[in-house]
Asker: 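Okay, handing you the structure first.
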Number of protein chains: 2
Amino acid sequence: MISKKTKYALKALGYLAEHSTGEPILISELAKEENIPRKFLEAILVSLRKGGILKSKIGKGGGYMLAVPPTNITIGRIVGILEGGFALVECLNDNNVEVVCVECGDPTCCGIRLVMGDVKKAIDSVFESTTLADMVERSELARQHKSKIVDFSI
Amino acid sequence: MISKKTKYALKALGYLAEHSTGEPILISELAKEENIPRKFLEAILVSLRKGGILKSKIGKGGGYMLAVPPTNITIGRIVGILEGGFALVECLNDNNVEVVCVECGDPTCCGIRLVMGDVKKAIDSVFESTTLADMVERSELARQHKSKIVDFSI
DNA sequence: ACAAATGCCTACCTAATCTATAGAGATAGG
DNA sequence: CCTATCTCTATAGATTAGGTAGGCATTTGT
């Protein structure tokens with residue numbers, strides 16, 4: 001299960017991608033529009049900034065902007081920043097290569113590790129091939145599709 | 001990240017699959033051999049029994065056995081029982097179809113939901129195509145392979 | 001019938017993590 | 001200098017994960 005933190009991050013980034021005009025967007029606007037607790041969001045945005053996805057401007061007229069075009073931001077990168085590297089078992093964590101599960105015994109022969117390695121590959125392949133832009137676009141398409149159906153039904 | 005509970009379950013089931021002689025195996029043996037806290041394991045085994053994977057025998061000469069051949073037990077089923085249906089977002093949970101994330105707004109148009117649906121498909125495809133028997137076999141093969149290498153190096 | 005071996009059940013505890021909040025501080029613009 | 005804004009540190013509450021304790025129920029062998 002992804003955390004609320006990650007969900008909020010994805011929502012906030014989606015909003016930024018959709019409403020990007022070159023001008024910074026306020027935390028308070030993001031919080032209000034996407035229904036995210038203001039202070040909680042602050043912390044999330046800081047993480048994303050430190051992760052290189054956002055840039056900020058302090059002071060009057062300040063706010064947040066994407067630091068990278070949304071086509072270059074993979075979902076995997078976002079999740080990685082918020083969840084601290086997504087893995088199913090400690091010993092397969094991207095960040096902490098040296099960490100070994102105590103349960104593994106011999107990691108090279110641990111069946112769990114072998115299977116979860118496959119799962120991780122499957123997850124990563126989606127995460128790395130899907131960008132923030134894709135996510136926004138799919139959402140938009142779904143919305144259009146739905147409104148068409150509504151039109152017909154009226 | 002899968003929980004220790006799930007890891008313990010996989011280890012215990014692996015042991016049962018490997019040492020299955022038709023005779024029940026004691027909780028205490030499982031706990032000792034696989035290094036799992038005894039009482040914690042009890043609870044896990046009960047879940048697995050209720051999930052239809054194990055059967056038990058009470059009283060002297062009792063213990064646990066697989067209720068199904070290991071070739072018919074998918075990893076997905078095991079994880080499902082222990083984690084209560086593996087999902088990345090609430091609204092994609094197998095068990096609670098009606099649960100919707102408050103964050104989704106309109107679930108049919110939620111970009112996060114759409115993307116995580118893809119991820120879930122990817123995970124499930126591995127989970128459903130890998131059995132307990134596969135896991136044990138891969139572990140065994142890895143062990144053999146390793147011992148060969150060691151032989152050569154001596 | 002009884003004792004021993006075994007799983008079953010309920011309740012509980014602790015520590016970690018997740019979610020959220022508060023408030024003072026730093027910085028920029030006008 | 002004042003205001004709007006992000007930044008940082010600390011903390012509090014809720015939930016979950018991981019683990020423990022003890023007594024109950026059932027079966028088997030004698």
Side-chain angles (χ1 to χ4, degrees), chain A residues 1-12 16 23-32 34-51 53-67 79 81-90 101-103, chain B residues 1-9 11-12 16 23-32 34-51 53-67 79 81-90 93 101-103:
Chain A
M1 191 80 80
I2 64 173
S3 60
K4 285 208 173 186
K5 220 167 165 171
T6 301
K7 257 194 243 174
Y8 288 156
L10 289 169
K11 293 187 75 175
L16 284 168
E23 291 301 294
I25 293 179
L26 299 185
I27 296 181
S28 47
E29 178 181 344
L30 281 168
K32 191 180 164 199
E34 296 293 338
N35 238 296
I36 304 171
R38 161 71 196 266
K39 279 294 195 176
F40 197 29
L41 179 58
E42 276 187 23
I44 292 166
L45 296 177
V46 168
S47 300
L48 291 170
R49 177 171 54 78
K50 288 184 179 165
I53 289 182
L54 293 179
K55 55 187 175 188
S56 63
K57 205 180 156 193
I58 300 184
K60 208 169 187 174
Y64 273 99
M65 293 154 286
L66 293 177
V79 174
I81 291 170
L82 275 299
E83 308 273 324
F86 196 71
L88 289 161
V89 281
E90 298 92 353
C101 310
V102 284
E103 295 87 8
Chain B
M1 190 81 79
I2 63 173
S3 61
K4 285 208 171 187
K5 221 165 164 171
T6 301
K7 256 194 242 174
Y8 289 155
K11 292 188 74 173
L16 284 167
E23 291 301 294
I25 293 179
L26 300 184
I27 298 181
S28 46
E29 178 181 344
L30 280 169
K32 191 179 163 199
E34 294 294 337
N35 239 296
I36 304 172
R38 161 72 196 265
K39 279 295 196 177
F40 198 29
L41 179 58
E42 273 188 29
I44 293 166
L45 295 177
V46 168
S47 300
L48 291 171
R49 177 172 56 77
K50 288 182 179 164
I53 289 182
L54 292 180
K55 56 187 172 188
S56 63
K57 205 182 156 193
I58 301 185
K60 209 168 183 176
Y64 273 99
M65 292 154 287
L66 293 177
V79 174
I81 292 171
L82 275 303
E83 309 273 325
F86 196 71
L88 289 161
V89 282
E90 299 90 351
N93 199 307
C101 309
V102 283
E103 295 87 9

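Chain identifiers are assigned alphabetically (A, B, ...) following the order of the sequence lines, protein sequences preceding nucleic acid strands; residue numbering begins at 1 within each chain.
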Asker: Provide, to the nearest angstrom, the distance between the CD atom belonging to B/Glu29 and the C1' atom belonging to C/dA5.
Answerer: 15 Å
Asker: CG of A/Asn35 versus P of C/dT19: gap in Å, rounded?
Answerer: 16 Å
Asker: What is the separation between atom CD1 on A/Ile27 and atom P on D/dT7, rounded to the nearest whole Å?
Answerer: 6 Å
Asker: Supply the atom-to-atom distance B/Ile25 CD1 to B/Leu54 CG, rounded to the nearest 0.5 angstrom.
Answerer: 10.5 Å
Asker: Classify the nucleic acid contact of B/Leu26 as base, sugar-phosphate or nothing, counting any heavy atom under 4.0 Å across all strands shown.
Answerer: sugar-phosphate
Asker: Each nucleotide in nucleotides 19-24 of chain D should get exactly one letter: B, S or -. Can you fill that in based on protein heavy atoms under 4.0 Å?
Answerer: BBBBB-
Asker: Kindly state each residue pair satisfying side chain to side chain donor-acceptor pair (under 3.5 Å) with at least one member in residues 37-49 of chain B, sequence neighbours excluded.
Answerer: B/Arg38-B/Glu42
Asker: Expressed as a whole number of angstroms, how long is the span from B/Met1:CE to D/dG18:P?
Answerer: 10 Å
Asker: If I take atom CZ in residue B/Arg49 and atom C1' in nucleotide D/dA25, what distance separates them, rounded to the nearest angstrom?
Answerer: 12 Å
Asker: Using atom CD1 of A/Ile44 as one end and atom P of D/dC8 as the other, report the distance to the nearest whole Å.
Answerer: 16 Å
Asker: Can you name the residues that form a salt bridge (Lys or Arg N to Asp or Glu O under 4.0 Å) with A/Lys4, not counting sequence neighbours?
Answerer: B/Glu103
Asker: What N/O pairs connect the protein and nucleotides 11-13 of chain C at under 3.5 Å? Give each pair on its own line.
Answerer:
none

Asker: Distance-only check: which donor-acceptor pairs under 3.5 Å involve side-chain atoms of residues 55-66 of chain A, not counting sequence neighbours?
Answerer:
none

Asker: Atom CD1 of B/Ile25 and atom P of C/dG7: how far apart are they, to the nearest Å?
Answerer: 11 Å
Asker: Which atoms form the tightest heavy-atom contact between A/Ile27 and A/Leu41, and what is the distance?
Answerer: O-CD2, 3.8 Å
Asker: Minimum heavy-atom separation for B/Tyr8 and B/Asn35, please, with both atom names.
Answerer: CE2-O, 4.5 Å
Asker: Grab the N/O contacts between the protein and nucleotides 27-30 of chain D below 3.5 Å, and write none if there aren't any.
Answerer:
unit_1: D/dT27; atom_1: O2; unit_2: B/Lys60; atom_2: N; d: 3.4

Asker: Tell me whether the OP1 or OP2 atom of C/dC8 has a side-chain N or O from B/Ser56 closer than 4.0 Å.
Answerer: yes
Asker: Kindly compute the distance separating NZ (A/Lys5) from CG (A/Leu48), expressed to the nearest 0.5 Å.
Answerer: 10.0 Å
Asker: Holding to side chain to side chain donor-acceptor pair (under 3.5 Å), I want the full list of residues that pass it with A/Ser28, two or more places apart in sequence or in another chain.
Answerer: none
Asker: Taking side chain as C-beta onward, heavy atoms only, is A/Leu82 less than 4.5 Å from A/Ile2?
Answerer: no
Asker: Quick one: closest heavy-atom pair of B/Leu30 and B/Ala12, and the distance?
Answerer: CD2-O, 3.7 Å
Asker: What is the distance from CD of A/Glu83 to P of C/dT19, rounded to the nearest Å?
Answerer: 8 Å
Asker: Applying side chain to side chain donor-acceptor pair (under 3.5 Å), name anything that partners A/Glu83, two or more places apart in sequence or on another chain.
Answerer: A/Ser3, A/Thr6
